[in-house]
Amino acid sequence: MLDVNYFETNTPTELVITTGLQLARTRATELNVTPSASYQLTPRDLVRGSYTYTHDTIEGGLDNTTHTGRLGYSRQLTPLDTGSINYRL
């Protein structure tokens with residue numbers, strides 16, 4: 001699976017909501033590209049992996065690039081319960 005998102009705004013605060021920073025009005029963009037895959041090992045066991053590339057730009061400011069990898073394992077414990085373990089690098 002491949003997920004691609006592009007966001008453009010004149011209010012950069014929308015890109016950094018979690019920091020609470022109030023930035024001046026200027027053009028800013030964000031590009032996210034996330035390929036992912038999963039594999040059913042057995043009828044009860046599933047492994048997942050993904051990689052995310054994010055590139056942010058703020059006009060007149062610094063560009064920022066991040067790379068994130070994720071690995072996960074899930075096991076169906078009962079018809080209603082699933083146990084999971086996930087790792088993000």
Side-chain angles (χ1 to χ4, degrees):
M1 174 186 258
L2 179 64
D3 186 26
V4 178
N5 296 294
Y6 178 78
F7 183 71
E8 187 173 318
T9 183
N10 287 320
T11 313
T13 302
E14 295 175 347
L15 299 178
V16 289
I17 294 170
T18 56
T19 65
L21 295 175
Q22 295 296 319
L23 303 172
R25 291 184 59 83
T26 189
R27 184 172 180 270
T29 63
E30 181 175 277
L31 171 67
N32 292 304
V33 179
T34 305
S36 63
S38 61
Y39 182 73
Q40 193 79 41
L41 295 169
T42 70
R44 295 174 49 182
D45 298 299
L46 176 74
V47 292
R48 300 175 301 287
S50 69
Y51 162 79
T52 300
Y53 167 86
T54 302
H55 184 75
D56 298 311
T57 63
I58 297 178
E59 196 171 87
L62 297 174
D63 291 356
N64 182 48
T65 300
T66 57
H67 304 269
T68 306
R70 290 184 178 86
L71 299 172
Y73 168 78
S74 297
R75 179 164 179 89
Q76 186 78 38
L77 303 171
T78 71
L80 296 176
D81 298 314
T82 301
S84 296
I85 187 166
N86 297 289
Y87 182 72
R88 185 172 81 176
L89 16 144

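FYI, the numbering just counts along the sequence from 1. Everything numeric in this text was worked out from a predicted model, so none of it was measured.
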Q.
Donor-acceptor pair, distance only, cut-off 3.5 Å: does the side chain of Arg75 make one with the backbone of Gly83?
A.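 No, because the side chain of Arg75 does not come within donor-acceptor range (under 3.5 Å) of the backbone of Gly83.
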
Q.
Would the distance check show the side chain of Glu30 and the main-chain N or O of Tyr6 forming a donor-acceptor pair, the cut-off being under 3.5 Å?
A.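 Checking the backbone N and O of Tyr6 against the side chain of Glu30, no donor-acceptor pair under 3.5 Å is found.
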
Exercise: identify the closest heavy-atom pair between [X] and [Y]:
{"X": "Leu71", "Y": "Gly49", "answer": "CD2-CA, 4.3 Å"}
{"X": "Thr82", "Y": "Ser74", "answer": "CG2-CB, 4.0 Å"}
{"X": "Val47", "Y": "Tyr73", "answer": "CG1-CD1, 3.9 Å"}
{"X": "Thr65", "Y": "Tyr53", "answer": "CG2-CE1, 3.4 Å"}
{"X": "Asp3", "Y": "Asn5", "answer": "OD2-ND2, 3.5 Å"}
{"X": "Thr34", "Y": "Ser50", "answer": "CG2-CB, 4.3 Å"}

Crowding at [atom1], [X] (>12 non-hydrogen neighbours, <6.0 Å):
{"X": "Leu62", "atom1": "CG", "answer": "no"}
{"X": "Ile85", "atom1": "CD1", "answer": "no"}
{"X": "Tyr87", "atom1": "OH", "answer": "no"}

**Q.** Asp63 and Thr57: side chain donor to acceptor below 3.5 Å
**A.**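 No.
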
Q. Do Arg88 and Thr68 have side-chain N/O donor and acceptor atoms under 3.5 Å apart?
A.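 No - no donor-acceptor pair under 3.5 Å links their side chains.
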
Q: Mind checking the CG-NE2 spacing from Asn32 to His55? Nearest 0.5 Å is all I need.
A: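 So the CG of Asn32 and the NE2 of His55 are separated by 11.5 Å.
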
Q) How long is the span from the CG atom in Leu89 to the OH atom in Tyr51, to the nearest 0.5 Å? A)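 One gets 11.0 Å once the value is rounded to the nearest 0.5 Å.
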
(Q) With a 4.5 Å cut-off on side-chain heavy atoms, are Arg70 and Arg48 touching? (A)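 They are not in side-chain contact.
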
Q. Is any side-chain heavy atom of Val4 less than 4.5 Å from a side-chain heavy atom of Leu31?
A.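 Contact flag for Val4/Leu31 side chains = yes.
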
